[in-house]
Amino acid sequence: MKQKCACDAQGFSTMKVKTMKLKKMIAIFACLCLVVAQNLFAESRTITLGGKNGWPEFEAASGISRGMGKFGYECVELATNAHKVSVETDLFLDFEDFKNGKFSDASGNYSVEKNSLLSSAKSIMGKRAALSRDNGDGISLLGKNGTIFGTKNRSGSFSIEFWICPATSENGEVIFEWHSSRIVGDYVFYQKIESAFINNRVVWTFTNLFEGASPENGEVQLESYTMLIPDKWSRHEISYDEESGLLEYRIDGKVESLKFITESGREGSTIFQPIFGDVAPINICPSFVGLIDDFKISRRITDSSNPKNLIYERFKIDGGSFRTKPIVATPASVLNSLSIMENVPPQTEIRYYVRAGENYFGWDDNFPEWKQVKNGEEISGVSGRYFQIAAELFPDGGGRKSPSVTEIKVNYSQTPLPAPPLKLRAQAKDGGVDLSWNFSVDENAGGYFVYYGNRPGEYLGTDADQGPSPIKVQNISQFKLTGLKNGAIYYFAVSTYSNLDEHISGRLSNEVYARPGRR
């Protein structure tokens, strides 16, 4: 008897396992049928970002700018590592804005007195540079009170820095000059700061600028040992440190020449501080032929103890990134691939990421999870009503070249939206409304959503006993709403949802209205 019970229990257990396996197989089969059905009825769609229509506004972006891409279309590329205005900035000409024949000081401390420089797209920093011609006299600026060149007083530490690309480097070409005078006792001292070319080298001359100067010994010169090559950009910085008296000249971060402006000419003795005399304008490129970019005067010097401060990449090595706003498709859409028009110079790189979801609410930087994809390759496992694209752009190791993205085509598949029901009708009742309609002609119709509200086109109703708008109903053609307020007007519309997925809902039917009441 016990043996028979054991056999029955074992048989029951075996049958239960088989039943569970059968149910699991049925569930898997149902999922496969749904996927096959979706693929069978899916329609291919493409959304284009960039290209001839330009790029939309991004949800988030860092270290990027807009430029000129393939076929003259707007592209996304790395932003140049240009200077920024700070409290220590005395003057900053980035040459980005050119209005009414003039450039402007980004710091707002200097006014342009006259200008013959032209705007040029051949920049090294930012989008624009300035072009100085042989028949021009550069740009002249006058500083406000409190600026280094607009105040008759000691200046303390200062630096002058800029990028230049000479056309010829001929003798006598002047990049920067300032002329003034100051009185010491019974003497009137002529003052000058000048940067000029001599034998393809740059020579800085400071005349009667430093305290302690005399008629016999008032000039200090720093000359570069590097010969400048025409049509090549180089970065120049002359700086004075009030704490050590060091006057130093660098080209591309490398020391070209230095002198201690002290009583002994060495570090550690009495320091001669710079004293600026009568206020006078400064002149940039008064007799220079070539390009100039990012001209800056600061009340500080570069910290040369940190080697990173002496490296001047055009693009930041850590690159930049952007993230599009969510792209709205239809529910349960499937992202297939990205077709990208890009330019990726050697040693540069662009990485692309995608993510999707049915509801955009609650998304943050890391949710939903990002999936890295490649240009043109098939994407799997990314579906939803909302798509989002992100990219990381990296320059080459020297920070000289930037990749760019001109266009991204987002290729996806969507299940067609089911057609709405036809000829929606409404009949008012006591405390309710009877709705009827003709069935949707769509073969994929799985049922209907009933929308209602108190204003035309706004279906936000909550009065019905059947629930707030919209109310999900089966594949029927009549529906009665109760619990509505007599005397109030209600507007109605109905949409069809797909038998593949109720989230796939089509457009609304015609709108009807009714006013419940007692007869």
Side-chain angles (χ1 to χ4, degrees), residues 38 42-81 126-127 315-345 348-395 401-415 417 503-504:
Q38 285 180 322
E43 297 178 347
S44 297
R45 291 285 187 270
T46 299
I47 295 176
T48 301
L49 305 175
K52 64 180 180 181
N53 295 323
W55 286 87
E57 182 182 353
F58 294 131
E59 182 180 76
S62 174
I64 64 165
S65 65
R66 309 293 175 94
M68 186 73 72
K70 292 186 177 181
F71 309 116
Y73 297 154
E74 182 185 57
C75 74
V76 180
E77 60 187 7
L78 290 174
T80 53
N81 190 15
K127 299 295 182 184
F315 305 103
K316 290 184 177 180
I317 296 299
D318 54 359
S321 63
F322 67 85
R323 183 173 74 231
T324 68
K325 290 184 176 180
I327 300 168
V328 183
T330 59
S333 294
V334 177
L335 185 59
N336 297 323
S337 65
L338 300 182
S339 301
I340 306 168
M341 186 189 301
E342 61 184 3
N343 179 38
V344 186
T348 68
E349 185 179 355
I350 306 178
R351 298 175 184 173
Y352 299 98
Y353 305 87
V354 298
R355 62 180 179 179
E358 289 296 340
N359 191 342
Y360 178 65
F361 180 77
W363 286 23
D364 56 29
D365 290 345
N366 301 311
F367 176 81
E369 185 179 356
W370 291 98
K371 182 174 184 178
Q372 187 172 354
V373 298
K374 293 185 178 180
N375 184 9
E377 290 191 358
E378 184 178 351
I379 299 172
S380 62
V382 180
S383 63
R385 185 175 184 178
Y386 298 93
F387 298 132
Q388 198 167 32
I389 317 297
E392 293 177 324
L393 288 73
F394 299 95
K401 299 176 183 178
S402 169
S404 62
V405 186
T406 301
E407 179 184 84
I408 298 179
K409 289 186 176 180
V410 183
N411 307 309
Y412 67 98
S413 300
Q414 68 175 28
T415 303
L417 299 178
H503 293 97
I504 304 175

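These numbers were taken from a predicted model, which means no experiment stands behind them. Heads up: numbering here begins at 1 and tracks the sequence.
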Is it the case that the side chain of Lys371 and the backbone of Ser380 share a donor-acceptor pair, with hydrogens and angles ignored and the cut-off at 3.5 Å?
yes

Note: Ile408 and Tyr352 closest approach over all heavy atoms is CD1-CE2, 4.3 Å

Is there side-chain contact between Val410 and Ile389, with heavy atoms separated by less than 4.5 Å?
yes

Is the side chain of Gln388 donor-acceptor paired with the backbone N or O of Thr324 at a distance under 3.5 Å, no angle test?
yes

Exercise: identify the closest heavy-atom pair between Glu342 and Ile350
OE1-CD1, 3.9 Å

From Lys409 atom NZ to Met341 atom CE, the distance as rounded to the nearest 0.5 Å:
7.0 Å

Ignoring hydrogens and geometry, is there a side-chain-to-backbone donor-acceptor pair from Thr406 to Lys70 under 3.5 Å?
yes

Checking Ser333 now: which residues fulfil side-chain hydrogen bond (donor to acceptor under 3.5 Å, both in side chains) with it, not counting sequence neighbours?
Thr330

Counterpart residues, salt bridge (Lys or Arg N to Asp or Glu O under 4.0 Å), relative to Glu59 (two or more places apart):
Arg323

Sequence neighbours left out, what passes side-chain hydrogen bond (donor to acceptor under 3.5 Å, both in side chains) with Thr46? Give chain and number order.
Asn411

So OG1 of Thr80 and NZ of Lys316: to nearest 0.5 Å the spacing works out to 10.0 Å

Nearest-0.5 Å distance, CD of residue Glu358 to CZ of residue Arg385
8.0 Å

Looking only at heavy atoms, what is the nearest atom pair of Ser337 and Ile379, with distance?
CA-CD1, 3.7 Å

Identify, with sequence neighbours excluded, every residue that meets side chain to side chain contact (heavy atoms under 4.5 Å, CB included) alongside Glu77.
Ser65, Cys75, Lys127, Ser402, Ser404

Roughly how far, to the nearest 0.5 Å, is OG1 of Thr348 from CG of Leu393?
8.5 Å

After noting the C-alpha distance and the side-chain angles of Trp370 and Asp365, does the key distance pass the side-chain contact (heavy atoms from CB on, under 4.5 Å) rule?
CA-CA 9 Å; Trp370 291 98; Asp365 290 345; 5.8 Å; no

Search all heavy atoms of Ser413 against all heavy atoms of Asn336 and return the closest pair with its distance.
OG-ND2, 2.7 Å

Can you tell me how far OG of Ser339 sits from CD of Glu407, rounded to the nearest 0.5 angstrom?
9.0 Å

Give me each pair satisfying ring pair (Phe, Tyr, Trp, His ring centres under 6.0 Å) with a member in residues 373-394, each pair once, sequence neighbours excluded.
Phe387-Tyr412

Take a 6.0 Å sphere around OH of Tyr360 and say whether it holds more than 12 heavy atoms from other residues, nucleotides or ligands.
yes

So how far is it from Glu377 CD to Leu338 CG, rounded to the nearest 0.5 Å?
10.5 Å

Heavy-atom check, side chain of Leu49 versus side chain of Ile327, under 4.5 Å
yes

Tell me every residue that passes side-chain hydrogen bond (donor to acceptor under 3.5 Å, both in side chains) with Lys401, counting only those two or more places apart in sequence or in another chain.
none

Taking the six-membered ring of Phe58 as reference, does the cationic atom of Arg66 (NZ for Lys, CZ for Arg) lie under 6.0 Å from its centre and within 45° of its axis?
yes

Show your working on side-chain contact (heavy atoms from CB on, under 4.5 Å) between Ile504 and Leu417 and close with a plain yes or no.
CA-CA 6 Å; Ile504 304 175; Leu417 299 178; 3.9 Å; yes

Nearest heavy-atom neighbours spanning Pro403 and Pro345
CA-CD, 3.8 Å

Can you establish whether the number of heavy atoms outside Glu369 located under 6.0 Å from its atom CD is more than 12?
no

Nearest heavy-atom contact between Ile340 and Asn375 is N-OD1, 2.9 Å

Pair Glu392-Tyr353, side-chain hydrogen bond (donor to acceptor under 3.5 Å, both in side chains): steps then yes or no
CA-CA 9 Å; Glu392 293 177 324; Tyr353 305 87; 2.9 Å; yes

